[in-house]
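All ligand and atom numbering here is 1-based and tracks the order in the structure. Starting from 1, each residue takes its place in the sequence as its number. On a predicted model such as this, the values are computed, not experimentally measured, just so you know.
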Amino acid sequence: MSAPPIEVRGLVKRYGELTAVDGVELTVQAGDVYGYLGPNGAGKTTSLRMMLGLISPTEGSVRLFGRDPHSTVRALDGVAGFVEAPAFYPYLSARRNLELMAAYDGYGAAGRVDFALDTVELGSRARDRVGGFSHGMRQRLGIAAALLRAPKLLLLDEPATGLDPAGMRDMRRLIRRLADDGMTVLLSSHLLAEVEELCNRVAVLRRGRIVYEGTIAALARGAAASYRLATTDDTRAREICLAQPGIDAVSTEHGHIVFTGEERAVAELSRALVEADVLIHELAPQTVTLEDLFFSLTEGDGVVLDGPEPLVVESAS
Ligand SMILES: Nc1ncnc2c1ncn2[C@@H]1O[C@H](COP(=O)(O)OP(=O)(O)O)[C@@H](O)[C@H]1O
Ligand SMILES: [Mg+2]
């Protein structure tokens with residue numbers, strides 16, 4: 001078995017008092033389109049910088065295909081990407097920019113310039129100066145620059161941020177196409193909606209820590225099974241909820257009791273309430289969207305999810 005494209009263990013980056021990245025662990029398997037999610041300031045760019053060997057970790061390790069990105073130049077073989085916005089000479093054409101990079105990169109990159117431009121659908125704009133490009137075109141040119149290395153692993157820092165809906169759709173299509181061609185991709189984003197159809201797996205980062213790691217499917221399951229309850233005696237109802245088999249994660253939100261449970265357990269609960277002479281005003285499944293869940297993971301005290309997937313949930317800090 002060859003080493004996975006990315007293995008991050010106990011990764012920490014401190015800037016003085018601030019811990020920008022705080023114990024990140026993740027594994028990206030070959031073929032994954034892996035979403036690295038978190039609000040602004042969560043530590044995404046800092047993590048990607050360490051993964052690309054641009055800065056060194058305070059603690060912990062990064063292995064790309066089993067190699068330390070810091071050790072040698074060749075350690076980044078088969079790996080490409082950019083953090084924040086890719087940089088180009090604005091007064092030179094798209095092709096000239098790529099040719100300069102290819103000359104610097106070597107390893108046959110010069111022969112891939114046209115292919116890279118075509119892949120990101122900038123072939124027809126190759127002779128135009130980059131200074132006149134839209135933000136979306138620059139982002140795509142950044143990916144073209146990465147493709148010069150014929151990478152097996154692509155690390156992209158917020159490639160769709162700042163794009164209009166059409167630009168975002170183009171970016172998603174491009175990443176999908178690269179993934180279908182066998183590339184492993186890790187991309188960061190502060191918007192779940194931007195990546196949820198694209199990524200098979202995600203890590204959600206909050207203040208430098210991973211608060212969820214797993215499949216989108218498991219995240220979606222966690223988003224589904226929650227109910228809201230209001231009764232004639234909520235104090236008693238809460239006790240009954242806590243004692244009821246199959247009813248979990250009981251809490252109070254905005255004056256309602258909130259819990260999770262299978263349909264059957266919820267039906268049993270309603271009987272138990274009535275038998276205890278607690279009458280139900282409202283018992284409704286909550287429509288928690290993935291976006292809501294993302295928000296509560298990144299803004300609140302974390303949400304406890306359970307499911308067959310391995311989940312990492314931080315305790316309230
Ligand atoms: N070079 C640096 N020096 C000091 N603080 C930094 C530096 N780089 C990032 N930070 C801080 O680390 C935290 C995480 O930043 P960053 O990784 O850029 O977050 P994200 O990319 O998720 O928005 C922020 O609080 C940021 O201000
Ligand atoms: Mg960033």
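- For atom 5 (N) of ligand 1, the closest non-hydrogen atom on the protein side is Y15 CD1, 3.4 Å.
- Taking 2.8 Å as the criterion, N40 does not count as a coordinating residue of the Mg ion (ligand 2), since none of its N, O or S atoms falls below it.
- There is no path of hydrophobic side-chain contacts, each under 4.5 Å, that joins Y104 to V130.
- Using a cut-off of 4.0 Å between Lys/Arg side-chain N and Asp/Glu carboxylate O, D180 and R177 are scored as not salt-bridged.
- The shortest heavy-atom distance from G38 to ligand 1 is not under 4.0 Å.
- Every atom of ligand 1 with a heavy atom of A20 under 4.0 Å away is listed here by number and element: 12 (O), 13 (C).
- Less than 4.0 angstrom separates some heavy atom of N40 from each of these atoms of ligand 1: 23 (O).
- Taking distance alone, with nitrogen or oxygen atoms compared against 3.5 Å, K44 approaches ligand 1 more closely than that limit.
- For the residue pair Y227 and E263, no side-chain donor N or O sits within less than 3.5 Å of a side-chain acceptor on the partner.
- At a 3.5 angstrom cut-off on N or O pairs, T46 counts as close to ligand 1.
- Here is the list of ligand 1 atoms found below 4.0 Å of a heavy atom in P39: 22 (O).
- Considering backbone and side-chain N/O of G43, one or more are found under 3.5 Å from N/O of ligand 1.
- Judged purely by atom type and a 3.5 angstrom limit, E25 has no side-chain atom pairing as donor or acceptor with the backbone of R9.
- Checking atom 3 (N) of ligand 1 against the protein gives a heavy-atom contact under 4.0 Å.
- Hydrophobic clustering keeps M101 apart from L92 (ILVMFWY residues linked when any side-chain heavy atoms are closer than 4.5 Å, directly or through intermediates).
- Listed by number with element, the atoms of ligand 1 under 4.0 Å from a non-hydrogen atom of T45 are 17 (O), 18 (O), 20 (P), 21 (O).
- Taking 4.0 Å as the cut-off between side-chain N and carboxylate O, R14 and D22 do not count as a salt-bridged pair.
- The environment of CG in D277 is sparse: at most 12 heavy-atom neighbours from other residues, nucleotides or ligands sit within 6.0 Å.
- A side-chain hydrogen bond (donor to acceptor under 3.5 Å, both in side chains) with R228 is found for exactly one of E253, E282, H254, namely E282.
- Nearest protein neighbour of atom 27 (O) of ligand 1, counting heavy atoms only, is L18 CD2, 4.7 Å.
- Nearest protein neighbour of atom 14 (C) of ligand 1, counting heavy atoms only, is G41 O, 3.4 Å.
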Side-chain donor-acceptor distances from residues 187-195 under 3.5 Å, at least two apart:
from: S188; atom 1: OG; to: D157; atom 2: OD1; distance (Å): 2.6
from: S188; atom 1: OG; to: E158; atom 2: N; distance (Å): 2.8
from: S189; atom 1: OG; to: L191; atom 2: N; distance (Å): 2.9
from: S189; atom 1: OG; to: L191; atom 2: O; distance (Å): 3.0
from: S189; atom 1: OG; to: E194; atom 2: OE2; distance (Å): 2.9
from: H190; atom 1: ND1; to: E158; atom 2: OE1; distance (Å): 2.9

